[in-house]
Amino acid sequence: MVVSLLEKVRALNPIVANVANGVTIDQVANAQNTIGASPIMSNAPEEAEGIVTIAQAITINIGSLWAPQIQEMMALMTAAYQQQKPVVLDPVAVGSLAYRQQIIEQLLILDTPTLIRGNAGEIAYFCWDRLASKWHRRRAWK
């Protein structure tokens with residue numbers, strides 16, 4: 001018997017901690033509910049460690065950045081790496097604005113995400129020599 005990935009998600013009913021784009025929070029939660037996951041949204045860095053403890057995965061979307069949300073991203077990703085939980089990073093428009101590049105570089109210094117989800121332009125950003133060399137140097141230190 002072949003079990004599809006969707007069937008596995010529905011059977012496991014994983015809790016997924018999300019930092020979502022402010023425009024899509026409802027859609028992200030509804031999509032995760034539809035496939036059988038249990039989304040939890042957070043804006044409080046103080047609860048990051050506890051949320052990661054109960055979650056099976058973390059998703060980070062930098063679509064709408066503001067200082068408290070960046071702190072939440074950093075706290076969730078730090079806790080996820082410490083607890084060895086998968087991290088999905090969505091680097092929305094990273095190649096188009098210097099500020100977004102700065103935020104992504106700060107997030108990548110924490111560790112390497114399990115998955116980077118992006119369009120062709122966003123993924124191409126990660127091929128940029130300066131960032132790639134930083135990333136490889138950081139990985140060599142571990």
Side-chain angles (χ1 to χ4, degrees), residues 3-142:
V3 178
S4 72
L5 184 57
L6 183 58
E7 290 170 321
K8 288 180 183 178
V9 169
R10 288 185 173 149
L12 292 173
N13 186 237
I15 296 171
V16 180
N18 298 277
V19 175
N21 181 333
V23 175
T24 64
I25 291 172
D26 291 342
Q27 294 163 336
V28 169
N30 289 337
Q32 289 180 5
N33 277 322
T34 298
I35 65 167
S38 295
I40 183 169
M41 308 319 203
S42 174
N43 290 323
E46 300 81 7
E47 67 179 4
E49 189 173 336
I51 285 177
V52 171
T53 298
I54 65 169
Q56 282 72 53
I58 313 303
T59 68
I60 304 291
N61 175 303
I62 70 159
S64 52
L65 292 171
W66 55 296
Q69 185 182 51
I70 294 166
Q71 292 173 334
E72 174 69 1
M73 292 174 189
M74 302 281 286
L76 280 171
M77 289 178 75
T78 298
Y81 294 135
Q82 289 171 348
Q83 297 180 36
Q84 300 181 333
K85 303 284 177 90
V87 174
V88 176
L89 178 62
D90 188 348
V92 177
V94 69
S96 62
L97 297 164
Y99 182 66
R100 288 176 185 267
Q101 292 169 4
Q102 176 187 348
I103 299 305
I104 286 297
E105 288 188 30
Q106 289 175 9
L107 295 174
L108 290 177
I109 286 170
L110 299 172
D111 207 336
T112 305
T114 309
L115 177 74
I116 298 174
R117 179 228 169 269
N119 63 32
E122 293 160 354
I123 298 303
Y125 171 79
F126 294 95
C127 298
W128 184 31
D129 287 343
R130 188 171 67 84
L131 180 62
S133 66
K134 277 186 178 179
W135 202 355
H136 292 301
R137 278 195 310 258
R138 187 185 69 250
R139 296 299 292 166
W141 291 336
K142 292 185 175 187

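What you are looking at is a predicted structure, and each value in this text was computed from that prediction instead of being measured. Note that these values count all heavy atoms, side chains included, but never hydrogens, waters or copies made by symmetry.
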- CD1 (Ile58) and CD1 (Ile15) are apart, to the nearest 0.5 Å, by 10.5 Å
- Query: Stepwise, does the side-chain contact (heavy atoms from CB on, under 4.5 Å) test hold for Met41 with Val28?
  - Reply: CA-CA 10 Å; Met41 308 319 203; Val28 169; 3.9 Å; yes
- Minimum side-chain heavy-atom gap Asn119-Glu122 below 4.5 Å: yes
- Message: To the nearest 0.5 Å, what is the distance between OH on Tyr99 and CD1 on Ile62?
- Response: 9.5 Å
- Query: Which heavy atom of Pro39 sits nearest a heavy atom of Ala29, and at what distance?
  - Reply: CG-O, 3.5 Å
- Calculate, to the nearest 0.5 Å, the distance between atoms CD and CG belonging to Gln102 and Leu65 respectively. 10.0 Å
- Short question: side chain of Thr24, backbone of Gln27 - any donor-acceptor pair under 3.5 Å? no
- Item | Atom pair CE (Met73) and CG (Leu110), whose distance is rounded to the nearest 0.5 Å | 12.0 Å
- Residue set satisfying salt bridge (charged side-chain N to carboxylate O under 4.0 Å, His left out) with Arg10, at least two apart, ordered chain then number -> none
- For Val16 and Ala37, the nearest pair of non-hydrogen atoms, with its separation, is CG2-CB, 4.1 Å
- Item | Side chain to side chain, Met74 and Leu107, heavy atoms closer than 4.5 Å | yes
- Atom pair CG/CD1 of Asn13 and Ile35 - distance to nearest 0.5 Å: 10.5 Å
- Query: Are any of the side-chain heavy atoms of Val92 and Arg100 separated by less than 4.5 Å?
  - Reply: yes
- Task: List the atom of Gly36, the atom of Pro14, and the distance in Å for their closest heavy-atom pair.
- Result: O-CD, 4.1 Å
- Compare all side-chain heavy atoms of Arg117 with those of Asp90 and state whether any distance is below 4.5 angstrom. yes
- Task: Determine whether Thr59 and Asn61 make a side-chain contact, defined as any pair of heavy atoms from C-beta on separated by less than 4.5 Å.
- Result: no
- Query: Hey, is the main chain of Ala20 close enough, under 3.5 Å, to the side chain of Gln69 for a donor-acceptor pair?
  - Reply: yes
- Note on the structure: The reported gap from CD in Glu49 to CD in Gln82 (rounded to nearest 0.5 angstrom) is 6.5 Å
- Are any of the side-chain heavy atoms of Ile116 and Pro91 separated by less than 4.5 Å? yes
- Query: Which atoms form the tightest heavy-atom contact between Asn18 and Gln32, and what is the distance?
  - Reply: OD1-NE2, 2.8 Å
- Message: Please evaluate residues Val52 and Thr78 with respect to the criterion side-chain contact (heavy atoms from CB on, under 4.5 Å), reporting the C-alpha separation (whole Å), side-chain torsions for both, the decisive distance (0.1 Å), and the verdict.
- Response: CA-CA 10 Å; Val52 171; Thr78 298; over 6 Å; no
- Note on the structure: Of all heavy-atom pairs linking Ala79 and Ala48, the shortest is CB-O, 4.3 Å
- Item | side-chain contact (heavy atoms from CB on, under 4.5 Å) between Met77 and Ile60, intermediate numbers included | CA-CA 8 Å; Met77 289 178 75; Ile60 304 291; 3.8 Å; yes
- Any donor-acceptor pair under 3.5 Å from Thr114 side chain to Val87 backbone: yes
- Taking all non-hydrogen atoms of both residues, which atom of Ser64 and which atom of Asn21 are closest, and how far apart? OG-OD1, 3.4 Å
- Does Leu89 reach the side chain of Ile104, with side-chain heavy atoms less than 4.5 Å apart? yes
